[in-house]
Amino acid sequence: MKKITLLLVLSCVGLLGYAQDAPKADTTKRWTIHGENTFLINQSSYSNWSAGGVNAFAGNLLFNYDFNYKKDKWSWDNKVILGYGLSKQQDAGWRKNDDKIVLNSLLGRQASKYWLYTFYMNFQSQFTKGYDYTTEPKTFISNFLAPAYLTFGPGFAYKRSDNFRINISPAAARIIMVNDDTLSHRGAFGVTPDHKSLFQFGASLDAYYKINLVENISLENILKLYSDYLHKPGDIYTDYTANLFMKVNKFVTVNAGLQLIYDGKTRIPNEDGSTKIALQVKQIFGAGLTYKF
């Protein structure tokens, strides 16, 4: 896992040499607001199909907004990502396939052309209950604010443009919240059993890079790393997301997403009732409608 983390960090740092200069901004405009509202659909249906197959349907809603402020040497970048999706397979019923709340805020003061002194905040959680369906019966594993992660602290950032920035905080606080009695009683997500929060203090790295690969196809990369000085600093929490956006026309897009999470404090249930620490992988693919502003 340490090798994977190192490769992700080196990849982000390596982009520094390839990032293009940002176009000159309108200095009279303080706020820049833009976003995307996307509804994705994925369906497969079979009838008398000799090769076999399972009827399936999935629908996903994704809201991705940016609210960025700039005045003199001060900047304030805010990103809101909300996602929720359901899928239905034949004889399996409806199941959640995406559920996320991500709020990211970065306040910065210019130190040089591309470097800033910063204070950042990141919040992550979900909307509804989550279950592990590989066990029988299904296992309740998550809920709204269970878990929730709040990370904040001072640091410094390299910001080439709104589409390329890396923030490093060598003194970042992180609070893991488990606001559910059943899960907190188990000691889920690393909290002490029957406690609903865990305080951590360490170092964090937050990177964002979006690039246009070819006309109408763009790739968005989001990387979050956290090392807890107080407990196993070498066991680095890693969260990497890659989103591929392919524009068909003004409103129709094809989107593909991959998210990889390694968290030494989250244990995944096995079929025999035991638990393990493992790389978490989520993939989403679909075509749908997108409205940008």
Side-chain angles (χ1 to χ4, degrees), residues 1-9 81 83-85 95-104 121-152 172-207 222-242 257-284:
M1 190 58 219
K2 292 181 181 178
K3 292 182 179 179
I4 296 175
T5 302
L6 180 60
L7 287 173
L8 291 172
V9 175
I81 301 175
Y84 193 81
R95 296 179 178 181
K96 182 172 64 173
N97 67 3
D98 190 25
D99 189 0
K100 59 188 173 186
I101 303 171
V102 180
L103 309 176
N104 204 64
M121 184 279 293
N122 173 260
F123 175 83
Q124 299 182 70
S125 189
Q126 62 189 48
F127 291 101
T128 62
K129 291 183 177 180
Y131 297 90
D132 182 358
Y133 292 96
T134 63
T135 62
E136 184 60 41
K138 64 184 181 182
T139 304
F140 172 51
I141 58 174
S142 62
N143 203 348
F144 175 64
L145 297 182
Y149 302 93
L150 177 63
T151 310
F152 56 91
R174 186 172 187 248
I175 302 172
I176 301 175
M177 292 168 274
V178 183
N179 193 31
D180 181 278
D181 292 337
T182 300
L183 296 173
S184 62
H185 179 69
R186 294 180 195 166
F189 307 103
V191 302
T192 302
D194 293 319
H195 287 68
K196 293 191 175 182
S197 66
L198 173 68
F199 177 79
Q200 297 177 295
F201 182 76
S204 72
L205 181 146
D206 189 286
I222 304 171
L223 174 64
K224 300 181 185 300
L225 304 176
Y226 188 84
S227 173
D228 182 10
Y229 296 147
L230 306 178
H231 182 69
K232 296 183 179 179
D235 190 9
I236 300 175
Y237 169 85
T238 304
D239 183 347
Y240 171 70
T241 300
L258 171 66
Q259 185 174 13
L260 306 174
I261 296 178
Y262 175 81
D263 184 359
K265 295 188 178 302
T266 300
R267 303 193 67 87
I268 309 300
N270 289 315
E271 293 184 10
D272 60 4
S274 62
T275 60
K276 63 183 177 182
I277 298 173
L279 179 67
Q280 303 170 54
V281 181
K282 180 175 71 176
Q283 301 176 65
I284 293 178

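These numbers were taken from a predicted model, which means no experiment stands behind them.
Residues Lys265 and Val191 have side chains not in contact (no heavy-atom distance under 4.5 Å, counting atoms from C-beta outward). By the 4.5 Å heavy-atom criterion applied to side chains, Phe140 and Leu183 are counted as neighbours.
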Val281 vs Gln259, side chain to side chain contact (heavy atoms under 4.5 Å, CB included): CA-CA, chis, key distance, verdict: CA-CA 6 Å; Val281 181; Gln259 185 174 13; over 6 Å; no

Working for side chain to side chain contact (heavy atoms under 4.5 Å, CB included), residues Thr275 and Ile268: CA-CA 5 Å; Thr275 60; Ile268 309 300; over 6 Å; no

Criterion side chain to side chain contact (heavy atoms under 4.5 Å, CB included) on Asp239 and Gln124, from CA distance to verdict: CA-CA 11 Å; Asp239 183 347; Gln124 299 182 70; 3.5 Å; yes

Stepwise salt bridge (Lys or Arg N to Asp or Glu O under 4.0 Å) test for Asp132 and Lys138: CA-CA 6 Å; Asp132 182 358; Lys138 64 184 181 182; over 6 Å; no

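Of all non-hydrogen atoms in Pro147 and Phe189, the two that sit nearest each other are CD-CZ, 3.3 Å. Contact between Leu258 and Leu260 at its shortest, heavy atoms only, is CD1-CD2, 4.0 Å. In terms of heavy-atom proximity, Ile236 sits nearest to Pro233 at CG1-O, 3.9 Å. The two residues Ile141 and Arg186 have their closest heavy-atom pair at CA-NH1, 4.5 Å. Considering every non-hydrogen atom in both Ile277 and Gly264, the closest pair reads CD1-O, 3.2 Å. The shortest non-hydrogen separation linking Phe127 to Lys100 is CE1-O, 3.5 Å.
Note that the OG1 atom of Thr192 and the CG atom of Leu198 stand 6.5 Å from one another [nearest 0.5 Å]. Rounding to the nearest 0.5 angstrom, the gap separating the CZ atom in Phe123 from the CD1 atom in Ile101 is 6.5 Å. The line from CD of Gln283 to CG of Asn97 is 12.0 Å long, rounded to the nearest 0.5 Å. The CZ atom of Phe144 lies 6.0 Å from the OG atom of Ser125; values are rounded to the nearest 0.5 Å. Atom OH in Tyr237 sits 9.0 Å away from atom CD1 in Ile176 (nearest 0.5 Å). Asn122 contributes atom CG, which lies 5.0 Å from atom CG of Asn104 (distance to the nearest 0.5 angstrom).
In the displayed structure, Lys129 atom NZ is contacted under 6.0 Å by at most 12 heavy atoms of other residues, nucleotides or ligands.
Using a distance-only test at 3.5 Å, with no hydrogens or angles considered, no donor-acceptor pair links the side chain of Thr238 to the main chain of Ile261. With Arg174 contributing its side chain and Gln200 its backbone, the two residues share no donor-acceptor pair below 3.5 Å. Of the possible donor and acceptor atoms, one in the side chain of His195 sits under 3.5 Å from a partner among the backbone N and O of Pro193. Distance alone, capped at 3.5 Å, places no donor-acceptor pair between the Asn143 side chain and the Ala146 backbone. Judged by distance alone, with hydrogens and angles left aside, the side-chain atoms of Ser204 form no donor-acceptor pair with the main-chain N or O of Tyr226 at under 3.5 Å.
Neither side chain, Ser142 nor Tyr131, offers a donor N or O lying under 3.5 Å from an acceptor on the other. Looking only at atom types and distance, the side chain of Gln280 has no donor-acceptor partner in the side chain of Asp263 under 3.5 Å away.
The aromatic rings of Phe201 and Phe199 sit parallel to each other, their planes meeting at less than 30°, with 60° as the upper class boundary.
Every residue two or more places apart in sequence or in another chain that forms a salt bridge (charged side-chain N to carboxylate O under 4.0 Å, His left out) with Asp99 is listed here: Lys96. The salt bridge (charged side-chain N to carboxylate O under 4.0 Å, His left out) check on Asp228 picks up nothing, with sequence neighbours excluded.
Applying the salt bridge (Lys or Arg N to Asp or Glu O under 4.0 Å) rule to pairs touching residues 188-207 yields Asp181-Lys196, Asp206-Lys224, sequence neighbours excluded.
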